[in-house]
Amino acid sequence: MTIQTNQTTPHASWSPVTTRRGEVTRWSRTIIPTLRDAPAEATTPSHQLLLRAGYIRQVAAGVYDYLPLAWRSLRKVSEIIREEMNAAGGSELLMPALAPIELFEETGRAQDYGDDLFRLEDRHGRRTALGPTHEEVITDFLRHAVTSYRQLPLTLYQIQTKFRDEPRPRAGLLRCREFIMKDAYSFHLTVDGPGGLNDAYDAMYRAYCNVFRRCGLDFTVVEAESGPIGGSASHEFMVNCETGEDTILRCPETGYAANVEKCEIGERPWSFESGAGVQPVTLQKHHTPDMPGIDIVAGHLRVTPAGMLKTLVLQPAAGVNSGGVKWVLAIVRGDHEVNLGKVRDAVGFKVALGDEKAARQAGFAIGYVSPRAARGTPNCMLVVDPDAAQGASAWATGADEPDHHVTGFVWSRDCPDNPASAGYVKVADIRNAQVGDPSPRCTGARLVAQRGLETGHIFKLGSKYSVAMGFSVMDESQVRQPVIMGCYGIGVSRTMAACVEMSHDENGIIWPAALAPYHAEIVLMKPDEPVHAALAERLAGDLADAGLDVLIDDREERPGVKFKDADLIGMPVRLTIGQKALDAGGVEFKPRADEGKGEVVGLDLVVGRCLASLAR
RNA sequence: CAGGGCGUAGCUCAGUUUGGUAGAGCACCUGCUUUGGGAGCAGGAUGUCGCAGGUUCAAAUCCUGUCGCCCUGACCA
């Protein structure tokens, strides 16, 4: 057996300008445990393929080994992120995964994060958390290290393993308990102006677009929940793919896109007046026992869910100032979903589902509540979605007594304004947007839906953490100011999985050149044929000289096995060295994304051909 | 957390209803043949049937408990 020298050892002499030389790996000397069948527990494409192609192995629920191929790909994602973060003015550092729980108690996140925070206790009984993100840790560092406004602005980031005790890990790398994340934090004295938060936020926005574009991903930027500063203070970067966990809505005219929970809905006409020429209908009570779900009730009453009013009994969230309001009834059409965030914006304070016991005591027939329940209930607010505030329609709704519903409900007749609730009736957008709703940005346009996978999120934090942790600096006029912060995350391991999710076929993964563990795979048909083996080594060396990473499949396997595995692991270019092609004066060249068997390319042209193909 | 499903060889699974010697295909090892899309023949190795109790002459199979994993939902900076 001959000893193979490592051809990628860099020269000992140092040079300030380096052209990266590619790396060469032999399959027989690494481990790529491909599987013919996908393990039964994998159901999503990226999970199945990453397992089958020998990239990952499960260690526990939501915990995975990153095997050599996956780690190479992850490093490529990380390197792209580093370059863009550095270009955007960031400095990389590394904080610990372990952090004392007291830090999270300072900001209240020990409570807010709840069971999602991984907790452990060391031998001394010290309570410790495994970091889910590092706002507290970095703020703790900087409140000691930064004392003057002259040290700001500052952007710091790290690429690190993060921990979340997910209630239900799923879909392989897409929702893990342990995962790799890039988290960045920026610090400012002001929101606007040079060196302000908005500058850094915009720079990050551009950097994120660059990162995902360079990764070869098809993505959409969506507006997410507004932060404490207002405006569009948060954006999510969603990879477009059908299997994505999130539904996003998009205005085809303006490019406005938002998460389904956050999406605004355009103007909708409404009126409680019944109008002229409407046939009078009588209010009729119906016995509707044991009918869980609005569809069943609607079927029994011979109406559609869209012909019903759904009433949710809500209460002000614990500890908020509701101005004396004790109950909030949220009314939407039966086929719509109440959005608690929108209700909060409409009423001006945070709300939660009402406590069932207390609601019953207050006289609400839970499950059979109608808008009329607001009458006679003191301190009860009524919030109605425009689609439900249609006075010209006769509605089906609850009868406000157990096991009964009514039909023929007319707003103007059956629910006149309640003296006890005077001024407490409000019409507002309080439901989740859906396909076909009017665009909030363009009259006449309708929202369309697409599925997405969140791989990045940028956020204007404001001074939430700096105030809670006492991080302030002296400004020019010698006034102490809380530092204003932004935070910016990218799921590194999730980005890799999202790429597989987005780009594969029935035979395996199809990597974009930027994230592929190796740019090219050389399939050696006869590894024990010295001439062939020597050619493979020479070709790999030439490719490496051109900056390409190369995997040589030198296993003693049948051709079929090697071709199947090559398709499965998905390197962008496949070069086959076999007698057939050699007799024709070259090697067989085939891009992974192309159909067919490839073509013979002369030896002196192969490198150029590979480079051209990868640059596409 | 609620509902459902699964745990038997490295992988996919049969066997559990009706208790009676632990199975198949693929993978693995050896030899021969074969060599451009998951080969053929011959031989070989492989298991605390998730774990712990219980019932029984006898438990993968029945009972009780427990752990793990998956799916749907709730949840998700």
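Only heavy atoms go into these numbers, but all of them, side chains included; no hydrogens, no water, no symmetry mates. We name chains A, B, ... by the order of the sequence lines, and we start the count at 1 in each one. Given the structure is predicted, the values throughout are model-derived calculations rather than measurements.
Nucleotide rU18(B) forms a pair with no other nucleotide shown, judged by Watson-Crick or G-U wobble geometry with both contacts under 3.5 Å. When both pairing distances are held under 3.5 Å, rU34(B) makes no Watson-Crick or G-U pair with any nucleotide shown. Pairing for rC6(B) is with rG68(B), a Watson-Crick or G-U wobble pair whose two hydrogen-bonding atom distances lie under 3.5 Å. Summarising the base pairing, rG73(B) is matched to rC1(B) through a Watson-Crick or G-U wobble pair whose two defining distances lie under 3.5 Å. The partner of rC28(B) is rG44(B), by the rule that a Watson-Crick or G-U pair needs both atom distances under 3.5 Å.
Comparing A581(A) and P132(A) along RNA chain B, the residue whose closest nucleotide (by nearest heavy atom) sits nearer the 5' end is A581(A). Closest-nucleotide positions on RNA chain B for I577(A) and T133(A) were compared, and the one nearer the 5' end corresponds to I577(A).
Atom-to-atom, NZ of K590(A) to C1' of rG37(B) comes out at 11 Å; the value is rounded to the nearest Å. If you measure from atom CG of L35(A) to atom C1' of rG25(B), you get 16 Å, rounded to the nearest angstrom. Atom CG of L67(A) is separated from atom C1' of rG10(B) by 14 Å (rounded to the nearest Å). Counting to the nearest Å, the C1' atom of rC76(B) and the CZ atom of R109(A) are 13 Å from each other. Atom-to-atom, CG of D553(A) to C1' of rG37(B) comes out at 13 Å; the value is rounded to the nearest Å. E506(A) has its CD atom 13 Å from the C1' atom of rG37(B), to the nearest Å. Nucleotide rG38(B) holds its C1' atom 13 Å from the CE atom of M525(A), rounded to whole Å. Atom-to-atom, CG of L524(A) to C1' of rG37(B) comes out at 17 Å; the value is rounded to the nearest Å.
Contact annotation for R574(A): base contact, defined as any heavy-atom pair under 4.0 Å involving a base atom. Note on D115(A): nothing from the nucleic acid sits closer than 4.0 angstrom, heavy atoms only. Counting any heavy atom pair closer than 4.0 Å across all strands shown, K562(A) reaches no nucleic acid atom. Base engagement by D565(A) is indicated by at least one non-hydrogen atom pair under 4.0 Å involving a base atom.
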Nucleotide N/O to protein N/O under 3.5 Å, stretch nucleotides 26-30 of chain B:
unit_1  : atom_1 : unit_2 : atom_2 : d
rC26(B) : O2'    : R36(A) : NE     : 3.2

All N/O pairs under 3.5 Å across the protein-nucleotides 42-48 of chain B interface:
none

Provide a list of protein-nucleic acid N or O atom pairs under 3.5 angstrom, restricted to nucleotides 66-75 of chain B.
unit_1  : atom_1 : unit_2  : atom_2 : d
rC69(B) : OP1    : A61(A)  : N      : 2.8
rC69(B) : O3'    : Q58(A)  : NE2    : 3.3
rC70(B) : OP1    : Q58(A)  : NE2    : 3.1
rC70(B) : O3'    : E41(A)  : O      : 3.4
rU72(B) : OP2    : R168(A) : NH2    : 3.1
rU72(B) : O4     : R168(A) : NE     : 3.1
rC75(B) : N4     : R170(A) : NH2    : 3.4

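S466(A) has its side chain out of reach of I484(A): every pair of non-hydrogen atoms, C-beta onward, lies at least 4.5 Å apart. A heavy-atom distance below 4.5 Å is not found between the side chains of P169(A) and Q58(A). Considering only heavy atoms from C-beta on, E105(A) comes within 4.5 Å of R127(A) through its side chain.
Ring-plane geometry between Y185(A) and F187(A) is classed as tilted, the angle between the planes lying from 30 to 60 degrees on a 0 to 90 degree scale.
Using a 4.0 Å cut-off between charged side-chain N and carboxylate O, E537(A) and R26(A) make a salt bridge. Contact check on D553(A) versus R574(A) returns no salt bridge, with no Lys/Arg side-chain nitrogen under 4.0 Å from an Asp/Glu carboxylate oxygen. Between D140(A) and R143(A) there is a salt bridge, with a side-chain nitrogen of the basic residue lying less than 4.0 Å from a carboxylate oxygen of the acidic one.
The closest side-chain donor-acceptor pair between D554(A) and S28(A) falls under 3.5 angstrom.
Minimum heavy-atom separation, L453(A) to C241(A): CD1-SG, 3.6 Å.
Picking from rG37(B), rC11(B), rU34(B) the nucleotide with the shortest atom distance to the side chain of P39(A) gives rC11(B).
Here, rA24(B) and rG47(B) have their C1' atoms 15 Å apart, quoted to the whole Å. Here the separation of rU48(B) from rA60(B), taken at their P atoms, is 13 Å to the nearest Å. With P as the reference atom, rG15(B) and rG23(B) are 16 Å apart, rounded to whole Å. The separation of rU21(B) from rU30(B), taken at their P atoms, amounts to 34 Å, rounded to a whole angstrom. When the P atom is compared between rA27(B) and rC11(B), the two are found 15 Å apart, to the nearest whole Å. rG25(B) sits 27 Å from rG20(B) when the C1' atoms are compared, rounded to a whole Å.
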Exercise for review: Would you check, one step at a time, whether the test side chain to side chain donor-acceptor pair (under 3.5 Å) holds for T107(A) with E135(A)?
Suggested key: CA-CA 9 Å; T107(A) 60; E135(A) 283 85 354; over 6 Å; no
Result block: side-chain N/O donor-acceptor pairs under 3.5 angstrom for residues 90-104 of chain A, not counting sequence neighbours:
unit_1 : atom_1 : unit_2 : atom_2 : d
E92(A) : OE1    : R82(A) : NE     : 2.7
E92(A) : OE2    : R82(A) : NE     : 3.1
E92(A) : OE2    : R82(A) : NH2    : 3.1

Taking distance alone, no hydrogens or angles, what donor-acceptor pairs closer than 3.5 Å link side-chain atoms of residues 496-503 of chain A to residues at least two apart or in another chain?
unit_1  : atom_1 : unit_2  : atom_2 : d
E501(A) : OE1    : S46(A)  : N      : 3.1
E501(A) : OE1    : S46(A)  : OG     : 2.6
E501(A) : OE2    : T243(A) : OG1    : 2.6
S503(A) : OG     : I510(A) : O      : 2.5

Acceptor/donor pairs from residues 171-180 of chain A side chains to any protein atom, 3.5 angstrom cut, sequence neighbours excluded:
unit_1  : atom_1 : unit_2  : atom_2 : d
R175(A) : NE     : E245(A) : OE2    : 3.3
R175(A) : NH1    : E166(A) : OE1    : 3.4
R175(A) : NH1    : E166(A) : OE2    : 3.2
R175(A) : NH2    : E245(A) : OE1    : 3.1
R177(A) : NE     : A61(A)  : O      : 2.8
R177(A) : NH2    : A61(A)  : O      : 3.1

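Taking OG from S186(A) and CE from M485(A), the interatomic distance works out to 8.0 Å, rounded to the nearest 0.5 Å.
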